[in-house]
Amino acid sequence: MISGLTPTLSREAALRLLVRMLEQAGLPNARADARFLALHALALTPLDLTLRGREPIGEAGAHRLGRAAERRLAGEPVARILGAWEFWGLPFSLGPETLVPRPDTESVVETALRLFPERDRPLRLVDLGTGSGCILVALLHERLRAFGLGLDRAEGALRVARANAERNGVGARAAFLRGSWLDALVGPFDLIVSNPPYIAAPVIATLDTEVREHDPMAALDGGPDGLDAYRAILLGIARRPDLLSPGGALVLEIGYDQAAALTALAGAMGFAEVSIGRDLAGNDRVVTLRPSLQGR
Ligand code: GLN
């Protein structure tokens, strides 16, 4: 057991002790991390902590909090310890085969929603490499008559995504299937969205340890130049533009330095429209593509 985290300690005192331990380990968000871990390990709401902070953490609480602290001190991200994280203001469970949803990815959701601003319009959506299902579930949550298909190669991710759709009240409008990019799809879809793996293989070694050691490699590794998934997706649409409805679009997350490469790739494959959007930090983060209508 982590020294000092004893059963008679009050919830407030345990939280203060945890903050100090994480600060001493040099963790940059010690206060927020400690609060998340304490609420989780002690199964408290923020209100419980405020109103009943003097109550002791007890034997089981001390054990669970100690275990959570050990994992955080060993470098595991808070979201992994919780097994859950928030995206688009909604709760998402995580699994070993899903990324932790990033705030950057909310730009994909925003871009997609702007293309189809009416809340009640029936839409058909696909999310390629759905992972936790966060993009698809957020879209279904905002577009009340949309139906969405989430594809992933990882069975474990599909189970997590399905549970997340149920948990967020959109399970009846979502289906999750094992599949690789566009191969097995029959369209037309109004929106095809994806946050594919896009880290170039040589860059992987330079990623934050929290990402490199705890996010699934299959969700990060974009091949030698990071563009393998985009090539597969764009080629799939270029060959079968009928996968998109007239007015339909492809909305993809990209790395902050990939806008030029994506624009060149889309140009070479004859896409009619390519536009780049930014995330809240001002980095290029989203590409919107429409295929040429020729040959339809
Ligand atoms: N944005 C993620 C990261 O920086 C990468 C996600 C991805 O490859 N799709 O770690």
Side-chain angles (χ1 to χ4, degrees), residues 28-29 75-82 84-88 92 94-112 125-139 150-154 156-158 160-161 164 179-182 191-234 236 250-263 265-266 276-289:
N29 303 310
E76 197 168 340
V78 172
R80 292 287 168 201
I81 300 169
L82 269 50
W85 206 235
E86 199 181 273
F87 178 83
W88 200 258
F92 285 88
L94 307 177
E97 292 170 300
T98 74
L99 283 177
V100 174
R102 319 282 208 258
D104 296 343
T105 303
E106 294 185 346
S107 312
V108 174
V109 176
E110 276 165 13
T111 303
L125 319 175
V126 184
D127 181 10
L128 305 172
T130 196
S132 65
C134 64
I135 299 175
L136 188 67
V137 169
L139 290 173
L151 299 189
D152 210 290
R153 279 182 293 207
L158 294 168
V160 171
N164 283 328
S180 183
W181 308 137
L182 301 157
L191 270 171
I192 299 178
V193 295
S194 182
N195 173 18
Y198 58 65
I199 310 293
V203 175
I204 286 181
T206 71
L207 293 177
D208 238 27
T209 28
E210 296 201 0
V211 173
R212 201 178 61 235
E213 288 181 9
H214 297 282
D215 275 318
M217 207 37 72
L220 297 173
D221 186 354
D225 63 356
L227 300 173
D228 280 1
Y230 301 111
R231 277 190 208 93
I233 295 170
L234 268 59
L250 193 56
V251 179
L252 309 175
E253 178 165 329
I254 58 171
Y256 71 97
D257 56 355
Q258 290 176 321
L262 259 291
T263 305
L265 197 60
I276 305 291
R278 300 203 165 152
D279 61 24
L280 284 178
N283 292 316
D284 290 337
R285 188 59 65 196
V286 191
V287 59
T288 304
L289 299 152

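Order of listing sets the numbers, starting from 1, for every ligand and every atom in it.
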Close side-chain approach of C134 and W88, heavy atoms under 4.5 Å: no
Exceeds 12 heavy-atom contacts within 6.0 angstrom, atom CZ of R80: yes
Side-chain (D152) to main-chain (T130) donor-acceptor, under 3.5 angstrom: yes
Donor-acceptor contact below 3.5 Å, side chain T98 vs main chain S132: no
Contact table ligand 1 N or O to protein N or O, d under 3.5 Å:
{"from": "ligand 1", "atom 1": "1 (N)", "to": "Y198", "atom 2": "OH", "distance (Å)": "3.0"}
{"from": "ligand 1", "atom 1": "8 (O)", "to": "Y198", "atom 2": "N", "distance (Å)": "3.0"}
{"from": "ligand 1", "atom 1": "8 (O)", "to": "A219", "atom 2": "O", "distance (Å)": "3.4"}
{"from": "ligand 1", "atom 1": "9 (N)", "to": "N195", "atom 2": "OD1", "distance (Å)": "2.7"}
{"from": "ligand 1", "atom 1": "9 (N)", "to": "P196", "atom 2": "O", "distance (Å)": "2.6"}
{"from": "ligand 1", "atom 1": "10 (O)", "to": "R102", "atom 2": "NH2", "distance (Å)": "3.0"}

Side chains of I233 and L182 in contact at under 4.5 Å (non-hydrogen atoms): yes
Backbone N/O of E210 and side chain of R212: donor-acceptor pair under 3.5 Å: no
